[in-house]
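For this chain, numbers begin at 1 and follow the sequence in order.
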Amino acid sequence: SAAATDYASKAEKAARTAYSSAEVQAFKLAEEHSIKRFNTAFPALASTDQLKGDHSCRVVTSGGAPHTIGGFLVVTDFHVCFVGDNKVNFSFPLSDVVSIQKA
């Protein structure tokens, strides 16, 4: 029947878009780790800003011989932050961002 076909179609769509419990757990764990990383690196901002996302990245230093520092780009309500290896952390107001370009 048409109703059965419609139901099967909806069930197939739901199965394709549903996440497994392991995927949901992994996402929650990554989110908790991101929040902890931000709160530890920027305790003053953590009391006022809400974490919107973080992404692994590298920063290239200038002055002298350039080298890269691995870390995370953290975006909050009001700031862009870098949480780097070896305790290299910095932030600036999101309102100072003029443009973003992919390298």
Side-chain angles (χ1 to χ4, degrees):
S1 76
T5 302
D6 186 48
Y7 178 79
S9 174
K10 288 179 182 178
E12 288 174 4
K13 183 178 178 183
R16 285 192 308 267
T17 59
Y19 294 103
S20 71
S21 62
E23 289 171 318
V24 170
Q25 185 64 27
F27 177 76
K28 286 180 181 179
L29 186 61
E31 183 178 36
E32 289 171 7
H33 189 69
S34 296
I35 292 168
K36 182 178 179 182
R37 179 176 34 248
F38 172 64
N39 290 346
T40 301
F42 301 99
L45 294 180
S47 65
T48 60
D49 287 20
Q50 183 177 1
L51 180 68
K52 295 299 183 184
D54 73 343
H55 309 276
S56 63
C57 69
R58 295 182 116 4
V59 169
V60 179
T61 63
S62 60
H67 69 282
T68 62
I69 302 169
F72 291 86
L73 175 73
V74 178
V75 180
T76 72
D77 293 320
F78 305 108
H79 292 86
V80 175
C81 310
F82 177 74
V83 180
D85 299 338
N86 301 323
K87 307 271 186 203
V88 176
N89 302 326
F90 58 85
S91 67
F92 52 89
L94 189 57
S95 60
D96 287 354
V97 176
V98 175
S99 68
I100 298 174
Q101 298 177 356
K102 183 175 181 179

Qualifying salt bridge (Lys or Arg N to Asp or Glu O under 4.0 Å) pairs, either residue in [range], two or more places apart:
{"range": "residues 69-79", "value": "Lys52-Asp77"}
{"range": "residues 64-76", "value": "none"}
{"range": "residues 27-41", "value": "Arg37-Asp54"}

Hydrophobic clusters here meaning ILVMFWY residues chained together by side-chain heavy-atom distances under 4.5 Å, can you tell me if [X] and [Y] are in one?
{"X": "Phe78", "Y": "Phe42", "result": "no"}
{"X": "Leu73", "Y": "Leu94", "result": "yes"}
{"X": "Ile35", "Y": "Phe72", "result": "yes"}

Worksheet item: Do any pairs count as a side-chain hydrogen bond (donor to acceptor under 3.5 Å, both in side chains) and have a residue in residues 38-50, sequence neighbours left out, and if so which ones?
Response: Asp49-Thr76, Asp49-His79
Donor-acceptor pairs under 3.5 angstrom involving side-chain atoms of residues 57-65: please list them, not counting sequence neighbours.
residue, atom, partner, partner atom, Å
Thr61, OG1, His67, N, 3.2
Thr61, OG1, His67, O, 3.2
Thr61, OG1, His67, ND1, 3.2

Fill in: Set of residues satisfying side chain to side chain contact (heavy atoms under 4.5 Å, CB included) with respect to Ala30, sequence neighbours excluded
none
Discussion item. Apply the hydrophobic cluster definition, ILVMFWY joined by side-chain contacts under 4.5 Å directly or through others, and give me every member besides Phe27.
Written reply: none
Distance-only criterion, 3.5 Å: show the donor-acceptor pairs between side-chain atoms of residues 80-93 and protein atoms not counting sequence neighbours.
residue, atom, partner, partner atom, Å
Asn89, OD1, Gly84, N, 3.2

